[in-house]
Structure formats: C-alpha cells, structure tokens
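As structure tokens, the structure follows; a few thoughts come after it.
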Amino acid sequence: MNFRELRFARAMEFAIHEINNRTDLLPRISLGYQIRDSCGAVPMAIKLALLLANGMEPFFNDTDSCSKSAAAAVPALVGDSASTPSIGMARILGLFGITQVSHYATCACLSDKRQYPAFLRTVPSDHHQAAALAKIVRHFGWTWIGAVRSDSDYGNNGMALFLKAAQEEGICVEYSESYYRTQPRSKLERVANVIRRSTARVIVAFLAAGDLRLILQELTRQPPPPLQWIGSEAWIIDPEFLRFNMCAGAIGFGIPRSVIPGLREFLLDLSPAQALKSPLLTEFWESSFSCSLTGSSEGARECDGSEDIRALQNPYTDTSQLRATNLVYKATYAIAHAIHGVICNDTQCDKSAKFTPWQVF
C-alpha cells in the first residue's frame, strides 16, 4: 500500500468534514464522497472515470429508464496524483463535463483545453518547471549535461520542454535516456551504463520516484563518478532518496511546505473498529502492524487492540511538510466553493437545486 497516497485521500476526507461543519460555505448542505483506488494504473483510472460518470456501482443499466439516470453521479472529483492516469480520466470525464481537479498531475499537455476541457489542477504545469530547471543549470555554469526521464507522459513531455529550454540557454546535452519501471531489466542496465560511461557530471532527472529508485539501485551495483543531480518535483523532496549517497546535494524545485491545522489528529484518530469500516483503512492497519483485523490473512497474528498508531513512523503519519497534501486540501475546497456558487446565494442554499456538472466547472 502507498501510505502517502492514503494520506492524500484522507486529507480530502478531512477537508469535507471541515466544509460540512462550516456555516459560511454550503450552509446546511452536506457533501458526500467516495474514495476509489486507481492503483496508479491507466486501465483502472479509466474504469473508475466511467463508473463515476455513469453511477456509483459497477453495473450496466439494461432497462428502459436509462435517460432517468443519465445525469452524472458526481459533479466533480479530486485526482489523480500522476499525469498518465489523469490524462486517461480527463478524456472520459471531459465528455460528460465532470470537473476533475488534480493535485499532482503536472504534465503540460493537460493544459490543452481542446483535449481536456474539464481538467483543472492546484499544482503548476511542468511548462514552468522545465524552464526553471534550465535556468538553474545555466546559473551554475553547467553547459555539458546528461538527461534521463520516465518513459511516460510526465517524463517525456517534461523532458521535451526542458531540452527546448536548455537549447535556448546554450546548454549541450550529451545523452537523453528514458526508462519506465515495467520495462525489461536490459533497458535499465543500458540506461545505467550510459550514465556510468558519460563524461557529463551533471544529470537532469525528470523521473517519477518509482523509476528513479530502480535506476539508483542499479547504479549502486557499480557506482559512477560523483554526479550532480538536478531533480524534478516528483522526487526531489522525497525523503526516501536520502538513503542514496549519490543523491547528496541534489537540487530542484519542490512544492512549498504548509500547515493544515487539525489534520494530524484526524489522521491519528483511528481505531481498529473504524479501520474495519473501510477496505483501504483495513489494509493500512494490517500492513502497518503486520496483523489481521479480519482473520483472513494466513499466517498473520490477529490484531489485539494493542497497536499504537501514534508510534507509527511512515508516510501516512508524517505531517511535517504537507506539500502535495495541501494541494489536495485546496482542490477539495475549490470544488466546494464552485458548488456553493451554483446553489447558494449570500446566506442560503437551495437543497433541492438541480445542476449539471458543467455549471460546477
């Protein structure tokens, strides 16, 4: 389980609880929500987009009353964290005018309103990051560099923007390699060997965290000479990479830190009984404490209530920085304010008001 992604989902839940207790935003209106797991996979993301557009349950309506249920089940959604799943979802949701607000999908391609008319985000486009990374490289006088990227919409589009900006800055690129975590090991070894044999000692890495992790693990088998890493936002602020000595001194641009009052207590206010109410929270509890809440995990001891969530140290409980988490929080509030603008006047809301997703957008 990705504990960081679970924190994102629960930050949305926290924001909705806040909104439902406010008197100045959607007064006497309670927002509902569902949390769905895209598993970081495009097919699953598209399936979920279709489910959300058609209704909450995964079944086909084979009656004559299709038109009565044709309205979208949800007016808006928050997600996805990655660019490629977000692209797949945006193509579907845009057809129905369902607003999609992503907190971490940075691909500049998603700014094309002709292709993604209902897509919005609370994180800046990579158009700005690519130009800024080129400015950093030029600032330090590094004119001979290497480049490696994720072989995905995020990496390929981001690197294309960076290479264009680098050329305008007079920076020469010795090599530009791509890798995706599901590609054959031979591809991973080839990318690592290109890095080892190159003469460039500065490397710009426009990589997703999972792809970079595999590249670094391969490089540690036969470490190259010291490298100066320039990182994209997907990994430059990830504390996991502190364990790789070769990343010491890496620089890049990160999302600003933030504070969300009350969020930490909300995340930690979780008991075994509460966890059992949600499959995601059940999985979190069992993964965190190596025990079984349901008794269905073979070989695992049963959770006995002695588990202390406050003693956990993992990305779910880590609220020291709250960078992308704050963008989830903002995305949720943005949707709430949009709905408020559709069904409320200054002091009152019409609970019976019917509206289309396009009105929210």
Side-chain angles (χ1 to χ4, degrees), residues 1-11 37-41 79-85 103-106 123 126 129 133 147-152 154-155 158-159 177-183 185 188 191-192 195 203-224 226-258 260 263-264 267-268 280 283-284 286-290 309 311-328:
M1 163 171 275
N2 188 321
F3 293 150
R4 183 167 174 255
E5 290 289 336
L6 179 61
R7 171 163 33 95
F8 291 166
R10 298 220 70 205
D37 188 359
S38 70
C39 303
D80 190 278
S81 293
S83 291
T84 301
H103 50 282
Y104 215 38
T106 59
V123 65
D126 280 335
Q129 179 176 204
L133 290 175
V148 63
R149 67 189 184 278
S150 289
D151 195 0
S152 64
Y154 167 73
M159 184 57 74
E177 294 291 328
S178 65
Y179 176 71
Y180 189 70
R181 55 187 173 274
T182 59
Q183 291 175 341
R185 179 166 182 80
L188 175 62
V191 171
I195 294 172
I203 180 169
V204 174
F206 224 108
L207 287 156
D211 301 332
L212 177 62
R213 185 186 306 112
L214 294 175
I215 291 175
L216 292 175
Q217 288 172 350
E218 179 62 26
L219 285 173
T220 56
R221 294 160 61 91
Q222 186 182 340
L227 294 170
Q228 173 62 56
W229 291 83
I230 312 294
S232 59
E233 94 298 335
W235 68 270
I236 195 64
I237 56 175
D238 192 331
E240 177 190 356
F241 294 101
L242 294 174
R243 65 188 178 93
F244 293 101
N245 292 334
M246 69 180 71
C247 287
I251 56 177
F253 294 99
I255 298 165
R257 295 183 183 183
S258 60
I260 304 177
L263 177 61
R264 178 171 175 79
L267 295 175
L268 298 180
L280 282 176
E283 183 182 352
F284 161 73
E286 293 181 339
S287 298
S288 299
F289 297 110
S290 300
I309 192 172
L312 283 180
Q313 292 186 347
N314 62 32
Y316 173 81
T317 60
D318 182 7
T319 57
S320 61
Q321 298 191 16
L322 298 181
R323 298 174 188 265
T325 305
N326 190 43
L327 300 183
V328 176

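Both backbone and side-chain heavy atoms feed into the values below; hydrogens, waters and symmetry mates do not.
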Would Phe3 and Asp318 satisfy side chain to side chain contact (heavy atoms under 4.5 Å, CB included), going step by step from the backbone distance to the final call?
CA-CA 10 Å; Phe3 293 150; Asp318 182 7; over 6 Å; no
Among residues two or more places apart or on two chains, list those pairs meeting salt bridge (charged side-chain N to carboxylate O under 4.0 Å, His left out) that have a residue in residues 241-257.
Glu240-Arg243
Shortest non-hydrogen contact between Val328 and Ala11, atoms and distance:
CG1-CB, 4.3 Å
Classify the ring geometry of Phe8 against His103: parallel below 30°, tilted from 30° to 60°, perpendicular beyond 60°.
perpendicular
Side-chain heavy-atom pair Thr317, Leu267 within 4.5 angstrom cut-off:
no
Partners passing salt bridge (Lys or Arg N to Asp or Glu O under 4.0 Å) against Asp211 (at least two apart in sequence or in another chain):
Arg181
Is it the case that more than 12 heavy atoms not belonging to Arg185 sit under 6.0 Å from its CZ atom?
yes
Measure the spacing between CD of Glu5 and CG of Leu280 and express it to the nearest 0.5 Å.
11.0 Å
Heavy-atom pair of closest approach, residues Ser150 and Ala208:
OG-N, 2.8 Å
For Ala105 and Ala82, the nearest pair of non-hydrogen atoms, with its separation, is CB-O, 3.8 Å
Residues two or more places apart in sequence or in another chain: which of them pass ring pair (Phe, Tyr, Trp, His ring centres under 6.0 Å) with Tyr180?
none
Does any part of the side chain of Phe244, heavy atoms only, come nearer than 4.5 Å to the side chain of Leu212, both counted from C-beta?
no
For residues Leu227 and Met246, determine if any side-chain heavy atom of one lies less than 4.5 Å from a side-chain heavy atom of the other.
no
Going through the checks in order, is the side chain to side chain contact (heavy atoms under 4.5 Å, CB included) test met by Ile203 and Ile230?
CA-CA 6 Å; Ile203 180 169; Ile230 312 294; over 6 Å; no
Among residues at least two apart in sequence or on other chains, which ones pass salt bridge (Lys or Arg N to Asp or Glu O under 4.0 Å) with Glu283?
none
Taking side-chain hydrogen bond (donor to acceptor under 3.5 Å, both in side chains) as the test, write out the residues that go with Arg7, two or more places apart.
Thr325
Step by step, work out the side chain to side chain contact (heavy atoms under 4.5 Å, CB included) result for Gln321 and Ile255.
CA-CA 10 Å; Gln321 298 191 16; Ile255 298 165; over 6 Å; no
Under the side-chain hydrogen bond (donor to acceptor under 3.5 Å, both in side chains) test, residues paired with Glu233 that sit two or more places apart:
Gln129, Tyr154
As an exercise, state the distance from CG of Leu214 to CG of Leu188, rounded to the nearest 0.5 Å.
6.5 Å
What are the two closest non-hydrogen atoms of Ser83 and Thr106, and how far apart are they?
OG-N, 3.3 Å
Side chain to side chain contact (heavy atoms under 4.5 Å, CB included) between Leu312 and Phe284, intermediate numbers included
CA-CA 12 Å; Leu312 283 180; Phe284 161 73; 4.0 Å; yes
